Structures are given as structure tokens and as C-alpha cells.
Amino acid sequence: MTVLPAPGGVDAQGRLVREGSLARVRPAFRPVVAAVRDRLPAVFGARLHSAYLYGSIPRGTARVGRSDLDLLVALHEEPTDADRDAVRVLGEAVDREFPQIDGVGTLLYGRERLLSDLERHDMGWFVACLCTPLLGDDLAAHLPRYRPDSLLARETNGDLARWLPRWRERIAAAEDTEEARRPLVRFMSRHLVRTAFTLVMPRWQGWTSDLREMAEVFGAYYPRRAGQVRTAAEYGYEPVGDPDVLRSYVDDLGPWLATEYTRVHGVKAPRPDQAPSVPGVARTRSARAR
């Protein structure tokens with residue numbers, strides 16, 4: 001019988017608390033964070049509203065030479081293609097300069113969209129709960145306190161069915177090498193584990209960003225699928241280049257999870273540009289990338 005870990009990531013009232021802080025950034029990564037904090041204002045000037053860290057670096061779990069630097073940048077107005085190019089150039093420069101990171105990923109949004117009703121329980125929640133303020137005025141001050149409920153589950157990950165056809169296209173277009181398939185396995189593994197976790201999050205009444213813990217929580221409610229999701233969690237950290245893994249994701253686990261998610265929580269409200277939940281608008285991967 002699976003023993004559920006005690007729900008974490010919530011306060012005494014059951015509201016989600018923000019994960020990560022600048023105090024948790026490990027010494028090896030502090031020069032990288034300082035460089036980005038110093039250089040972002042030069043890229044955007046007065047158009048920059050605020051910037052945030054997210055992911056393993058502000059959680060204090062980043063691995064030297066293996067983890068990337070994840071940023072969210074909010075502008076006073078909607079970003080342009082030139083803005084995306086500029087932040088990509090910045091990411092490439094930082095990645096070259098600091099060997100302790102393995103790439104830079106930057107989400108770029110306009111302030112109005114992040115605070116919109118449409119994004120209130122997706123990117124708004126992401127800013128308020130998963131992002132650590134780095135520069136500017138914190139947008140979380142304009143957002144509600146969140147609970148791990150069905151609305152949050154639907155609006156964060158209730159779009160898997162929409163993305164499976166695109167995943168199949170990406171798999172078909174990838175080179176037939178293990179090196180080319182590993183990033184796909186890593187990305188899809190993480191997406192599926194997070195979706196599996198948020199499927200049961202309202203029942204567990206907590207939050208975690210640890211893939212292994214996510215898999216354990218899910219497995220307590222869906223024991224028949226527990227093994228698949230536990231394996232996917234491991235591949236999220238240490239991906240393989242096996243084509244059978246990718247096929248199992250888009251032919252078995254993914255379709256089942258999308259159907260069950262729709263049954264339990266419904267379908268995520270469509271966005272005008274059909275962007276994914278946390279779109280990587282500007283991502284650089286170094287030569288060290290697996």
C-alpha cells in the first residue's frame with residue numbers, strides 16, 4: 001500500500017505558498033544570477049517591468065553543469081519579435097560565459113497579459129507561486145492567493161490533448177539518433193509527470209515541484225499507472241534516447257492522461273495564440289546539453 005507524503009507547499013489556511021527565494025540560490029549560481037540582474041535593464045530599458053527566476057536555481061536544487069537558468073521577464077507592453085531576439089542573444093551570452101549552467105530559458109510576457117482574467121489561474125499563478133522576484137515590482141501583489149483546486153488544475157495542465165499531435169510531429173521530425181531524442185524525452189517526461197500530478201493535486205491538497213514526489217503522489221491515486229509515471233519522473237532528470245519511450249508517451253500514457261484529465265477537470269480555456277502553459281519563447285541550449 002502506497003503511503004502518501006504529507007501535503008506540502010501550502011500555509012495553515014491551505015493556500016499555496018511561493019516556492020524558491022534568492023536566499024536559496026547556491027553559491028556557484030550567484031554570479032550567473034547577478035549577471036542577468038545587471039544586464040536585463042540594458043536590454044529593455046524603461047520597458048522592463050519586472051524579472052523573476054524560476055526552476056531549480058531559486059529552489060536550491062540546481063546541479064552545476066547540468067541545470068539551466070530559467071527566467072520570466074515582464075514588459076510594460078506586449079513583447080515583439082525583436083524583444084525575443086534580444087533576450088535570446090542575452091541568454092546565449094550568459095550561457096557561454098558561465099559553465100555552471102547548461103542553457104538559458106526565458107519566458108517573455110506583457111504585464112497586462114500576466115494579470116489578465118484569462119491567465120489568472122495559469123501564468124498569473126505561475127508568477128505568484130513558482131517565480132522568485134529578481135527585478136522590479138512584484139506582480140504577485142496584484143494576484144490572488146491560490147488553492148490547489150480543480151480550477152487551477154484545469155487551467156494549468158488541461159490542454160494535453162491539444163499538444164499530443166504536435167508532440168507526434170516533433171518526434172517524427174527529429175533525427176534518428178539518441179542525442180536528438182534525449183531532449184524530447186526530457187521535455188515530454190516532465191510535462192507528463194506534472195500533468196499527472198496536477199490531475200490529483202486537488203485531492204492531495206498540496207504542491208511540490210519535485211518530479212519524484214509528484215509521481216509518488218499520483219501513484220497513490222492511480223496505482224495501475226504509477227510505474228509509468230515514476231519511470232517518466234526518472235527520465236525527466238536523466239533522459240534516455242529510446243524511441244520506444246517517446247512512442248509510449250504519445251500512444252499510451254499521454255492519451256490516457258489527457259482523457260482522464262478532461263473527465264476529472266475539464267479542458268483548459270483556449271488562448272488566442274494557443275500557447276502552452278509555460279511556453280519557452282527564448283531558449284538556448286549550450287554545447288554541453290545532453
Side-chain angles (χ1 to χ4, degrees), residues 20 22 25-59 62-115 119 123 126-127 130-139 166 170 173-175 179-180 182-184 186-187 190-191 239 271-290:
L22 294 181
V25 176
R26 293 179 174 175
F29 297 100
R30 289 173 190 165
V32 192
V33 172
V36 169
R37 184 177 55 229
D38 292 343
R39 297 175 195 182
L40 273 173
V43 175
F44 294 110
R47 298 176 63 235
L48 177 67
H49 176 275
S50 51
Y52 309 80
L53 301 175
Y54 69 94
S56 61
I57 288 181
R59 290 199 302 266
R63 297 178 294 171
V64 174
R66 301 294 296 278
S67 297
D68 54 4
L69 177 70
D70 291 312
L71 300 168
L72 184 145
V73 176
L75 303 181
H76 284 286
E77 60 247 6
E78 285 300 302
T80 64
D81 288 342
D83 293 327
R84 295 184 180 91
D85 289 341
V87 83
R88 186 176 294 108
V89 169
L90 172 64
E92 290 169 350
V94 170
D95 182 46
R96 285 194 302 269
E97 187 173 341
F98 295 98
Q100 56 266 57
I101 60 169
D102 186 19
V104 177
T106 305
L107 309 178
L108 196 57
Y109 279 90
R111 176 185 181 276
E112 184 176 349
R113 178 167 177 180
L114 290 173
L115 296 179
E119 295 292 349
M123 289 309 301
F126 183 74
V127 170
L130 302 190
C131 287
T132 297
L134 181 66
L135 279 171
D137 296 329
D138 185 6
L139 286 172
R166 303 193 188 189
R170 290 182 63 182
E175 292 183 16
E179 184 178 6
R182 283 194 195 101
L184 292 177
R186 180 178 186 270
F187 163 74
R190 290 181 168 222
H191 192 122
R271 271 48 175 173
D273 55 3
Q274 295 295 295
S277 298
V278 184
V281 237
R283 177 166 290 278
T284 61
R285 298 296 291 177
S286 73
R288 302 181 302 279
R290 296 179 295 283

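On a predicted model such as this, the values are computed, not experimentally measured, just so you know. Sequential numbering from 1 along the given sequence is applied to the chain's residues.
Shown here are the salt bridge (Lys or Arg N to Asp or Glu O under 4.0 Å) partners of D137, two or more places apart in sequence or in another chain: there are none. Judged as a side chain to side chain contact (heavy atoms under 4.5 Å, CB included), and not counting sequence neighbours, the contacts of A180 are E175, T177. Listed by chain and number, the residues in a side chain to side chain donor-acceptor pair (under 3.5 Å) with T132 amount to none (sequence neighbours excluded). Residues that satisfy the side chain to side chain contact (heavy atoms under 4.5 Å, CB included) test with S56, not counting sequence neighbours, are R59, T61, A62, S67. Take E112 and apply the salt bridge (Lys or Arg N to Asp or Glu O under 4.0 Å) test, not counting sequence neighbours, and it matches no residue. With sequence neighbours excluded, no residue forms a salt bridge (Lys or Arg N to Asp or Glu O under 4.0 Å) with R111. Here P79 pairs with L75, D83, R84, L108 under the side chain to side chain contact (heavy atoms under 4.5 Å, CB included) rule; sequence neighbours left out.
Nearest heavy atom pair, residue G55 against residue D70, reads CA-OD2, 4.2 Å. The shortest heavy-atom contact between P58 and V25 is CA-CG2, 4.2 Å. Taking every heavy atom of both residues into account, A46 and H76 meet most closely at O-CD2, 3.2 Å. Closest heavy-atom contact between D138 and P133: OD2-CG, 3.6 Å.
Once rounded to the nearest 0.5 Å, the distance linking CG of L134 with CG of L71 reads 7.5 Å. Taking CZ of R66 as the reference point, atom CD of Q100 lies at 15.0 Å (rounded to 0.5 Å). Interatomic distance, I101 CD1 to R63 CZ, rounded to the nearest 0.5 Å: 15.0 Å. Residue L90 holds its CG atom at 8.0 Å from CZ of F44, rounded to the nearest 0.5 Å.
Residues R170 and L184 have side chains in contact (heavy-atom distance under 4.5 Å, counting atoms from C-beta outward). Between V104 and E92, the closest side-chain pair of non-hydrogen atoms is not below 4.5 Å. Under the 4.5 Å side-chain criterion, counting only non-hydrogen atoms from C-beta, L72 is not in contact with L53. Within the 4.5 Å cutoff, no side-chain heavy atoms of L107 are placed close to those of Y52. Two residues are said to be in side-chain contact when any heavy atoms from C-beta on lie closer than 4.5 Å; V87 and V43 fail this criterion. Side-chain contact between L139 and H49 is present, with heavy atoms from C-beta onward closer than 4.5 Å. Residues L135 and P41 are in side-chain contact: their nearest non-hydrogen atoms beyond the backbone lie under 4.5 Å apart.
Ionic pairing of R113 and E78 is not present here: no N-O contact between side-chain nitrogen and carboxylate oxygen is shorter than 4.0 angstrom.
Within the structure, salt bridge (Lys or Arg N to Asp or Glu O under 4.0 Å) contacts touching residues 25-46 (residues at least two apart or in different chains) are R39-E97.
Using a distance-only test at 3.5 Å, with no hydrogens or angles considered, a donor-acceptor pair links the side chain of D95 to the main chain of G103.
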Are F98 and F29 close enough, and set up right, to give a ring pair (Phe, Tyr, Trp, His ring centres under 6.0 Å), and what steps lead you there?
CA-CA 9 Å; F98 295 98; F29 297 100; over 10 Å; no
